[in-house]
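Worksheet: one structure, shown below.
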Amino acid sequence: MNKCDRFAEVTATVELIAVEGRKLTFTVEAHDGVDLISRGRHERHVINRDKFVAKVGAKAAR
């Protein structure tokens with residue numbers, strides 16, 4: 001990798017492709033201005049923040 005490559009601009013494109021209950025599925029592509037450098041799929045889950053924080057607090061207290 002030469003010095004210029006370390007500072008190349010990378011653009012990511014993300015598209016929400018599916019919603020199944022609380023599960024969200026996205027496609028992701030990364031492009032360096034010349035070539036497509038990565039492509040993948042990413043999943044996230046929507047959570048109830050208050051319930052999550054309470055569980056984490058209870059676990060930390062043990």
Side-chain angles (χ1 to χ4, degrees):
M1 178 183 298
N2 67 40
K3 201 173 199 177
C4 293
D5 293 336
R6 292 187 305 168
F7 301 103
E9 182 174 316
V10 174
T11 302
T13 304
V14 181
E15 181 181 0
L16 175 63
I17 60 168
V19 177
E20 299 172 43
R22 297 187 320 183
K23 182 172 98 171
L24 310 175
T25 304
F26 302 87
T27 57
V28 183
E29 291 185 349
H31 197 280
D32 68 1
V34 177
D35 296 308
L36 177 68
I37 57 174
S38 183
R39 177 182 293 147
R41 188 170 279 210
H42 181 72
E43 292 180 355
R44 301 293 290 186
H45 288 81
V46 177
I47 64 166
N48 179 308
R49 183 185 182 282
D50 294 336
K51 186 176 175 182
F52 177 77
V53 169
K55 281 185 175 182
V56 170
K59 189 172 185 177
R62 287 193 248 165

Quiz item: Quick one: salt bridge (Lys or Arg N to Asp or Glu O under 4.0 Å) pairs with a partner in residues 50-62, sequence neighbours left out?
Solution: none
Quiz item: Looking only at atom types and distance, does a side-chain atom of Asp32 sit under 3.5 Å from a main-chain N or O of Val34, one as donor and one as acceptor?
Solution: yes
Side-chain polar contacts of residues 10-28 - donor-acceptor pairs under 3.5 angstrom, sequence neighbours left out - could you list them?
none

Quiz item: Arg39: what forms a side-chain hydrogen bond (donor to acceptor under 3.5 Å, both in side chains) with it, not counting sequence neighbours?
Solution: Glu29
